[in-house]
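Structure first, commentary second.
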Number of protein chains: 2
Amino acid sequence: MPDSHDMLFRTLADPTRRAIFERLCRDGEQTVGALTARAGVSQPAVSKHLGVLKQAGLVRDRHQGRQTHYCAQPGALSPLIDWTSQMAGFWEARFDDLEDLLKRMDQ
Amino acid sequence: MPDSHDMLFRTLADPTRRAIFERLCRDGEQTVGALTARAGVSQPAVSKHLGVLKQAGLVRDRHQGRQTHYCAQPGALSPLIDWTSQMAGFWEARFDDLEDLLKRMDQ
DNA sequence: CTCATCCATAACTCTCTGGTTATTGATCTG
DNA sequence: CAGATCAATAACCAGAGAGTTATGGATGAG
């Protein structure tokens with residue numbers, strides 16, 4: 001069972017994909033065509049990236065006629081935030097341990 | 001010019017590498033041998049991962065005799081935190097815009 | 001109905017990278 | 001000094017994945 005961090009980090013590791021997500025965060029809902037126009041890669045490539053982003057829960061799609069609108073789901077970033085603060089937390093915890101140790105040594 | 005986000009995301013995308021970093025955050029400074037013992041991959045693989053982590057600024061090394069000690073530098077995660085909150089920020093800004101719009105429509 | 005447009009999928013290529021084993025350099029030990 | 005241990009590097013391999021072109025299926029327009 002690959003944890004959610006894994007999918008999240010792997011999904012956001014690609015610059016093109018991250019740019020698409022950023023764009024959706026900045027400017028809101030976009031059609032595939034609009035995203036393709038600025039992505040610098042072909043339309044199938046954009047569709048594939050959107051598929052990966054959707055799989056990771058980072059975007060939602062909405063079909064309207066023959067076009068598909070995608071919008072960002074920034075809430076899906078929370079595991080990433082959790083992980084980051086956990087790492088920082090471990091760091092501080094160990095720092096506190098060191099402080100305790102120094103205090104005890106000081107006595 | 002690949003921004004620092006890029007290197008950071010790419011570095012943390014690999015599960016083995018991320019596990020090594022997590023371990024250094026949790027348990028503090030470790031030798032290559034100690035890390036290899038729990039990494040599930042060969043020593044050269046661990047050394048390569050540590051090289052990548054170091055390149056990204058996520059770890060520091062300290063040579064002592066014939067062994068090398070590595071420790072995490074969680075401060076290097078800050079661009080990642082910045083990026084994440086920026087994405088969330090864009091989201092909220094657009095939400096505020098929507099609120100403004102609705103307010104104006106309400107008048 | 002016919003043609004055009006939009007998006008997704010298929011099939012393929014090519015590069016990148018994470019893994020391996022083998023080796024070397026350096027340091028500790030006897 | 002000789003042998004052993006630790007970590008880094010070299011050389012290589014295989015799989016993943018990001019890109020392409022080609023195609024198909026569905027919807028809108030004339």
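Being a predicted model, the structure only gives us computed values, none of them experimental. Proteins get letters first, then strands, A, B, ... in listed order; numbering begins at 1 in each.
- The salt bridge (charged side-chain N to carboxylate O under 4.0 Å, His left out) test applied to B:Asp27 returns B:Arg23, not counting sequence neighbours.
- To the nearest angstrom, P of D:dG17 lies 11 Å from CE of A:Met7.
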Encode nucleotides 4-11 of chain C as B, S and - characters from 5' to 3', where the letter depends on protein heavy atoms closer than 4.0 Å: B to the base, S only to sugar-phosphate, - to neither. BBSBBB--
Side chains of residues 60-67 of chain B: which donor-acceptor pairs under 3.5 Å do they make with residues two or more places apart or in other chains?
from, atom 1, to, atom 2, distance (Å)
B:Asp61, OD2, B:Lys54, NZ, 3.0
B:Arg62, NE, B:Glu29, OE2, 3.0
B:Arg62, NH1, B:Gln64, OE1, 3.4
B:Arg62, NH2, B:Glu29, OE1, 2.6
B:His63, ND1, B:Thr68, OG1, 3.3
B:Gln64, OE1, B:His69, NE2, 3.1

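- Counting only residues at least two apart or in different chains, ring pair (Phe, Tyr, Trp, His ring centres under 6.0 Å) contacts with residues 7-33 of chain B comprise B:Phe9-B:Trp83.
- At C:dG19, one or more side-chain N or O atoms of B:Thr16 fall inside 4.0 Å of OP1 or OP2 (strictly under the cut-off).
- Judged by closest nucleotide on DNA chain D, A:Asp14 is the one of A:Gln64 and A:Asp14 placed further toward the 5' end.
- For C:dG19, neither phosphate oxygen OP1 nor OP2 lies less than 4.0 angstrom from any side-chain nitrogen or oxygen of B:Ser42.
- In this structure, A:Asp6 atom CG and D:dG17 atom C1' are separated by 15 Å, rounded to whole Å.
- For the salt bridge (charged side-chain N to carboxylate O under 4.0 Å, His left out) test, no residue two or more places apart in sequence or in another chain qualifies with A:Arg38.
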Listing, residues 43-53 of chain A side-chain donor-acceptor contacts under 3.5 Å, not counting sequence neighbours, or none:
from, atom 1, to, atom 2, distance (Å)
A:Gln43, NE2, A:Ser47, OG, 3.2
A:His49, ND1, A:Arg17, NH1, 3.4

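- Atom CD in B:Gln55 sits about 15 Å away from atom C1' in D:dA8, given to the nearest Å.
- At the phosphate of D:dG17, neither OP1 nor OP2 sits under 4.0 Å from any side-chain N or O atom of A:His49.
- At whole-Å resolution of the value, CD in B:Gln30 and P in D:dC6 are 15 Å apart.
- To the nearest angstrom, P of D:dA7 lies 14 Å from NZ of B:Lys54.
- B:Leu12 is listed as a side-chain neighbour of B:Leu58, based on a closest heavy-atom distance under 4.5 Å.
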